[in-house]
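Side chains included, hydrogens not; waters and symmetry mates left out as well; all remaining heavy atoms used. Worth saying up front: this structure is predicted, and the values here are computed from it rather than measured. Lettering follows sequence order; numbering is per chain, from 1.
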2 protein chains.
Amino acid sequence: MTVDTRQSIMDEAKLVVQAHGYSALSFRELAKTVGIKNASVHYHFPTKGDLGAALARQYSDEAQAFLNCLPLDRDSAAQTMKTYTDAFRAALERDNRMCLCGIMIAERDELPEMVRGEVDRFTEINIQWLKSFLEALAPKAGASEIMDRAVAIFSAVEGAQLIARGCADVAVFDRCMNAYGATALFPVWPSK
Amino acid sequence: MTVDTRQSIMDEAKLVVQAHGYSALSFRELAKTVGIKNASVHYHFPTKGDLGAALARQYSDEAQAFLNCLPLDRDSAAQTMKTYTDAFRAALERDNRMCLCGIMIAERDELPEMVRGEVDRFTEINIQWLKSFLEALAPKAGASEIMDRAVAIFSAVEGAQLIARGCADVAVFDRCMNAYGATALFPVWPSK
DNA sequence: ACCTGAACACCGTTCAAGT
DNA sequence: ACCTGAACACCGTTCAAGT
């Protein structure tokens with residue numbers, strides 16, 4: 001029965017942000033759901049920015065840990081690419097939610113600085129991993145080419161998640177991934 | 001000196017939404033900027049949803065008109081593809097703003113139904129045009145393949161705009177477009 | 001036809017006060 | 001250490017009232 005109030009707040013807040021965005025996050029509703037008073041939320045997170053930053057930090061850390069576990073060797077490359085996109089797909093399958101940081105990128109100008117910093121870190125983590133992945137596959141490719149490709153892939157996957165969520169249809173996400181694979185935007189992709 | 005108050009409201013609101021999103025649009029601030037009282041805005045647009053829907057409707061109509069003017073013949077295809085992506089690029093160059101409907105897609109679940117309908121229409125208009133464009137280029141391609149590709153291209157372009165805006169760097173958008181062209185996600189792309 | 005002030009129920013935030 | 005009620009300045013919306 002020793003529920004951690006702070007963690008309960010974060011768990012609930014994460015769901016709300018993934019479904020409706022940072023701006024839709026309300027301390028008052030959060031308090032109601034968790035079962036405390038509005039002012040009490042501020043004891044754990046002084047401002048909404050502190051809560052948002054804590055969410056994004058935890059999310060980025062988890063992403064980093066997830067990516068660190070993915071193999072970069074040639075033989076598993078196609079499966080690794082699929083595992084990467086499946087992480088974004090999973091959010092859609094869970095009640096049509098978005099990547100926590102993906103949805104906050106859209107709200108970037110509205111975010112307190114501390115939140116923005118963490119959201120940017122998520123983007124950076126993804127781009128860096130994609131660069132490592134691409135480099136492992138094509139060691140002789142130019143740095144600039146690798147960079148363009150990494151940014152393009154990340155943008156395309158985030159965009160697909162955004163549009164698929166708009167249609168409330170995971171199949172749209174799958175269509176995009178297949179098209180990205182078929183047209184070689186993705187360096188590798190599992191053949192059927 | 002016959003300024004149209006209704007149009008002034010829409011002009012200002014459009015800028016705010018493109019820069020900060022629908023949720024950041026405030027009737028009170030809008031009123032201040034336009035030079036009328038908060039309650040007066042409601043005379044022209046009964047609810048915030050009416051204003052948002054009017055903005056999205058006008059935007060979708062303009063997009064439709066713009067796309068109708070683009071040639072679909074083979075010879076100008078590469079230039080047409082660039083003209084299409086340049087429309088999205090232009091928003092970024094104008095104070096790092098987003099496509100009006102692109103940013104609202106991210107807020108989709110928060111939008112009043114009437115706004116959501118217009119935003120969806122913008123997506124539909126783009127997908128339809130891309131399908132026509134792809135069909136004109138590859139008349140023998142399958143309908144399902146064309147559809148996947150159209151959705152994938154739209155998602156990739158919107159995603160690139162989102163990420164580039166996050167970086168506040170148009171060059172990121174250009175990098176993505178070049179990568180999309182080089183990897184043949186785009187059916188055609190101007191060679192340098 | 002167009003605008004307004006006042007009121008309503010919301011919001012994040014602060015703070016002094018409780019246990 | 002953790003929570004609370006009350007107040008503050010915000011928000012969209014409504015409405016009766018003004019011209």
Option from B/Phe133, B/Phe66, B/Trp129 for which ring-ring contact (aromatic ring centres under 6.0 Å, His included) with B/Tyr84 holds: B/Trp129
How long is the line joining NE2 of B/His44 and P of C/dC2, in whole Å? 7 Å
Kindly work out whether a path of hydrophobic side-chain contacts (I/L/V/M/F/W/Y, heavy atoms less than 4.5 Å apart) joins B/Leu185 to A/Leu137. yes
Strictly below 4.0 Å: does A/Tyr43 bring a side-chain N or O up to OP1 or OP2 of D/dC3? no
For residues B/Phe88 and B/Phe173, establish whether the separation of their ring centroids is below 6.0 Å. no
Looking only at non-hydrogen atoms, find the nearest pair between B/Pro112 and B/Gly49 and report the distance. CG-CA, 3.8 Å
In terms of relative ring orientation, are A/Tyr59 and A/Phe122 parallel, tilted or perpendicular, with 30° and 60° separating the classes? tilted
Would you say the side-chain atoms of A/Thr83 and A/Gln79 include a donor-acceptor pair closer than 3.5 Å? yes
Are any of the side-chain heavy atoms of A/Arg165 and B/Asp109 separated by less than 4.5 Å? yes
Verify the distance criterion only: is there a donor paired with an acceptor across the side chains of A/Ser23 and A/Glu110 at less than 3.5 Å? no
What does the B/S/- profile of nucleotides 7-19 of chain C look like, 5' to 3', with a 4.0 Å heavy-atom cutoff to protein? B---BBBBB----
5'-to-3' dot-bracket of DNA chain D (Watson-Crick, G-U; under 3.5 angstrom; crossing pairs as [ ]; | other strand): ||.|||||...|||||.||
